[in-house]
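Since the structure comes first, as structure tokens, the remarks are kept for the end.
Whatever order the structure lists ligands and atoms in, that order sets their numbers, starting from 1.
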Amino acid sequence: MTGVRIAPSILSADFARLADDVAMMEEGGADWVHVDVMDGRFVPNLTFGAKVIETVRRLTSLPLDCHLMVVEPERYFEDFVAAGASGLTIHAEVAPHLHRQLARIRELGARAGVALNPSTQLAAVEAVLPELDLLLIMSVNPGYGGQQFISGTIDRIARARQMLDAAGSGAALEVDGGINRDTIVPCWRAGADAFVAGNAVFSAADPRAEIGSLRAACVERA
Ligand code: DX5
Ligand code: ZN
């Protein structure tokens, strides 16, 4: 089952029971904890920042995969890494100095990622592939959990996989939005290897088991 990384999103967690939900992720075999930071500007919704990253850091030793849906993301790099972020993924749509921004994230000791909205061309990251530890293909328009997977994402994943392989990049290829036991399979087949799941895990009858079911769906239907 190597090569499949499942990253449940705490956006769908019950914040009154955050410690229990993070423990559930660990017990379920999650590879990363996905942390959705939203600023009410890049996306309409507003979530949380360094304080919550620091809280989750104390609850688990799993890598914290922080997805910055914020304008001027560089304002937060230092605080978030100091709070315990393992990786920072910034949106190309609001990062005009991607090369410098990715270099800064790595300099701080974190994994550098770029996210692309469903309507953003893959070419937006072509020039920075050597600087990239993770490419995140959004399969919904970011802002909310529980949205429906956009089917055109599959072709984008396949093309992103080709682009990374052609460049000899070892970057993770992550997909985020509407991932469930059905949608994860074509994403995996198209070459994605990291999967964010919010609603699918937290609305499952057995959230802990659902993490394993998502992973198994890739392997069984490979
Ligand atoms: C969407 C966020 C996602 C979200 C995924 O804007 O970036 O990470 O939590 O939630 P689901 O899996 O419910 O679509
Ligand atoms: Zn996300």
Side-chain angles (χ1 to χ4, degrees), residues 4-15 18 21-22 24-25 28 30-49 52-53 56 62-71 73 76 80 85-95 110-120 133-154 156-157 172-188 192-205 207-208 210-211 213-215 217-218:
V4 179
R5 280 163 288 197
I6 306 292
S9 169
I10 62 162
L11 185 63
S12 298
D14 176 352
F15 272 68
L18 188 58
D21 280 351
V22 172
M24 175 282 290
M25 293 181 194
D31 298 278
W32 300 338
V33 175
H34 188 76
V35 180
D36 284 309
V37 177
M38 306 186 190
D39 67 351
R41 294 181 64 202
F42 178 61
V43 291
N45 202 4
L46 187 63
T47 58
F48 36 72
V52 166
I53 294 172
V56 179
L62 288 176
L64 303 185
D65 175 40
C66 298
H67 177 192
L68 276 60
M69 287 161 276
V70 305
V71 299
Y76 306 99
F80 285 9
S86 313
L88 299 180
T89 299
I90 62 177
H91 269 266
E93 299 83 7
V94 283
R111 186 168 41 69
V114 174
L116 302 178
N117 279 344
S119 60
T120 302
D133 298 310
L134 179 144
L135 176 58
L136 171 54
I137 303 291
M138 291 305 301
S139 38
V140 297
N141 289 289
Y144 302 94
Q147 301 184 78
Q148 201 185 343
F149 183 86
I150 297 171
S151 59
T153 305
I154 306 298
R156 282 167 60 76
I157 293 170
L173 182 53
E174 187 173 42
V175 55
D176 183 4
I179 291 294
N180 57 38
R181 287 186 210 180
D182 294 323
T183 56
I184 198 171
V185 177
C187 292
W188 162 248
D193 52 21
F195 306 90
V196 178
N199 193 53
V201 168
F202 285 93
S203 69
R208 189 188 324 192
E210 194 61 26
I211 296 169
S213 299
L214 290 168
R215 191 190 308 282
C218 297

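- Nearest protein neighbour of atom 9 (O) of ligand 1, counting heavy atoms only, is Asp36 OD2, 2.9 Å.
- Numbered from 1 in the order shown, with element, the atoms of ligand 1 that lie under 4.0 Å from a heavy atom of Gly178 read 11 (P), 12 (O), 14 (O).
- Shown in contact with Ser9 at under 4.0 Å from a heavy atom are these atoms of ligand 1, numbered in order with element: 9 (O).
- Residue contacts with ligand 1: Gly143 is placed with a nitrogen or oxygen under 3.5 Å of a nitrogen or oxygen of the ligand (distance criterion only).
- When each atom of ligand 1 is checked for a heavy atom of His34 under 4.0 Å away, the hits are 8 (O).
- Using a 4.5 Å heavy-atom cutoff, the side chains of Ile154 and Cys187 are in contact.
- Shown in contact with Gly177 at under 4.0 Å from a heavy atom are these atoms of ligand 1, numbered in order with element: 14 (O).
- Geometrically, ligand 1 and Val196 share no nitrogen or oxygen pair separated by less than 3.5 Å.
- Within Asp176, OD2 is the N, O or S atom that lies nearest to the Zn ion (ligand 2).
- Between the Thr183 side chain and the Gly178 main chain, a donor and an acceptor come within less than 3.5 Å of each other.
- Near Asp176, meaning under 4.0 Å from one of its heavy atoms, ligand 1 places the atoms 2 (C), 3 (C), 4 (C), 5 (C), 7 (O), 8 (O).
- At distances below 3.5 Å, not a single donor-acceptor pair connects side-chain atoms of Trp32 with backbone N or O atoms of Asp65.
- Closest protein heavy atom to atom 1 (C) of ligand 1: Tyr144 O, 3.4 Å.
- In summary, the atoms of ligand 1 found under 4.0 Å from a heavy atom of Met69, numbered by their order in the structure, are 6 (O), 7 (O).
- With hydrogens and angles ignored, the 3.5 Å screen pairs no side-chain donor or acceptor of Glu93 with any backbone N or O of Thr120.
- A distance-only check finds a donor-acceptor pair linking the side chain of Ser139 to the backbone of Gly177 [under 3.5 Å].
- Across the listed options Pro8, Gly198, Gly146, Gly198 owns the non-hydrogen atom lying nearest to atom 12 (O) of ligand 1.
- Atom numbering of ligand 1 starts at 1 in the shown order; those under 4.0 Å from a heavy atom of Gly145 are 10 (O), 13 (O).
- At distances below 3.5 Å, not a single donor-acceptor pair connects side-chain atoms of Ser9 with backbone N or O atoms of Ala197.
- Counting atoms of ligand 1 from 1 in the listed order, those under 4.0 Å from a heavy atom of Pro142 are 6 (O).
- Residue Asn199 has at least one nitrogen or oxygen atom sitting less than 3.5 Å from a nitrogen or oxygen atom of ligand 1, judged on distance alone.
- Under a 3.5 Å cut-off, the side chain of Asp21 and the backbone N or O of Asp14 do form a donor-acceptor pair.
- The atom name of the N/O/S atom in Asp36 closest to the Zn ion (ligand 2) is OD1.
- Relative orientation of the His34 and His67 rings is tilted, given thresholds of 30° and 60° on the angle between their planes.
- A donor-acceptor pair is defined here as one N or O able to donate and one able to accept, closer than 3.5 Å; such a pair exists between the side chain of Asp193 and the backbone of Leu173.
- When the N, O or S atoms of His67 are ranked by distance to the Zn ion (ligand 2), ND1 comes first.
- Not one N or O on the side chain of Asn199 forms a donor-acceptor pair closer than 3.5 Å with the backbone of Gly145.
- The shortest N/O to N/O separation between Asn141 and ligand 1 does not fall below 3.5 Å.
- Judged by distance alone, the side chain of Asp31 and the main-chain N or O of Ile6 form a donor-acceptor pair under 3.5 Å.
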